[in-house]
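As structure tokens, the structure follows; a few thoughts come after it.
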Amino acid sequence: ENFSVDDIASECNVGVSNMNRVFKMYSDTSVAKYFLGLKLRRACELISNGFTTAEIADKLGFSSTAYFHTVFKREMGISPASFRKSKNL
């Protein structure tokens, strides 16, 4: 299920800034960055299992395949296609 930082804060009955402050006390990143990292790790698994970038973008809640590609390349330093090739898939 796709959810936002606002949704998480609401479920925890705290404000977004307070939640981020507490999260950073125990982590080296923000809540949003942490969940993006989880999504990208999952994306790597899905690429390795033969899913297309369109399927991955949809499954992980990205607004479009192009946006998924942009985020993946920005955060991972390599395009999804190059990642797939590096795994010999």
Side-chain angles (χ1 to χ4, degrees):
E1 183 178 334
N2 295 315
F3 48 87
S4 68
V5 174
D6 288 334
D7 295 334
I8 298 167
S10 178
E11 285 294 317
C12 296
N13 294 316
V14 297
V16 173
S17 60
N18 191 41
M19 183 181 63
N20 272 321
R21 183 181 56 77
V22 172
F23 194 86
K24 280 190 173 188
M25 288 172 53
Y26 297 97
S27 174
D28 61 345
T29 190
S30 69
V31 174
K33 244 343 190 188
Y34 176 79
F35 280 104
L36 179 58
L38 291 177
K39 279 181 155 183
L40 292 174
R41 280 194 292 274
R42 180 68 178 135
C44 290
E45 291 173 10
L46 294 171
I47 290 169
S48 296
N49 287 322
F51 285 82
T52 67
T53 53
E55 292 169 325
I56 296 167
D58 183 57
K59 188 177 280 289
L60 297 180
F62 287 90
S63 58
S64 69
T65 303
Y67 182 62
F68 165 68
H69 183 276
T70 299
V71 171
F72 191 95
K73 188 168 184 176
R74 180 187 72 216
E75 298 296 323
M76 304 297 287
I78 188 171
S79 71
S82 294
F83 179 83
R84 186 182 308 277
K85 286 178 188 171
S86 75
K87 299 294 181 185
N88 295 318
L89 303 172

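Residue pairs meeting the salt bridge (Lys or Arg N to Asp or Glu O under 4.0 Å) criterion with at least one member in residues 8-18: none, sequence neighbours excluded. For the salt bridge (Lys or Arg N to Asp or Glu O under 4.0 Å) condition, no pair includes a residue of residues 47-71, sequence neighbours left out. Within the structure, the salt bridge (Lys or Arg N to Asp or Glu O under 4.0 Å) test picks out the following pairs touching residues 37-48 (sequence neighbours left out): Arg42-Glu45.
Annotation: side chain of Phe35 is in contact with side chain of Ile8 (closest heavy-atom distance under 4.5 Å). For the pair Met19 and Val5, the minimum side-chain heavy-atom distance is below 4.5 Å. Within the 4.5 Å cutoff, side-chain heavy atoms of Phe72 are placed close to those of Ile47.
Every residue meeting the ring pair (Phe, Tyr, Trp, His ring centres under 6.0 Å) condition with Phe23, not counting sequence neighbours, appears here in chain and number order: Tyr34. Shown here are the side-chain hydrogen bond (donor to acceptor under 3.5 Å, both in side chains) partners of Thr65, two or more places apart in sequence or in another chain: there are none. Residues satisfying the side-chain hydrogen bond (donor to acceptor under 3.5 Å, both in side chains) test with Lys73, not counting sequence neighbours, are none. Residues meeting the side-chain contact (heavy atoms from CB on, under 4.5 Å) test with Ser30, sequence neighbours left out: Asn20, Lys24, Ala32, Lys33. For Asn18, the side-chain hydrogen bond (donor to acceptor under 3.5 Å, both in side chains) partners at least two apart in sequence or on another chain are Arg21. Take Ser64 and apply the side-chain hydrogen bond (donor to acceptor under 3.5 Å, both in side chains) test, not counting sequence neighbours, and it matches no residue.
Side-chain atoms of Ser10 never come within 3.5 Å of backbone atoms of Asp6 as a donor-acceptor pair (strictly under, hydrogens ignored). The backbone N or O of Leu46 sits nowhere less than 3.5 Å from a side-chain atom of Asn49 that would complete a donor-acceptor pair.
Nearest approach of Thr53 to Arg84, heavy atoms of both residues: N-NH2, 4.2 Å. Contact record, Cys44 with Met76: SG-CE, 3.6 Å, taken as the closest heavy-atom pair.
Neither Val31 nor Val22 shares a network with the other; the hydrophobic side chains, linked directly or stepwise wherever heavy atoms of I, L, V, M, F, W or Y lie under 4.5 Å apart, form separate groups for each.
The structure places NE2 of His69 at 11.5 Å from CD1 of Ile56, a figure rounded to the nearest 0.5 Å. A distance of 5.5 Å separates CZ in Arg74 from OH in Tyr67, rounded to the nearest 0.5 Å.
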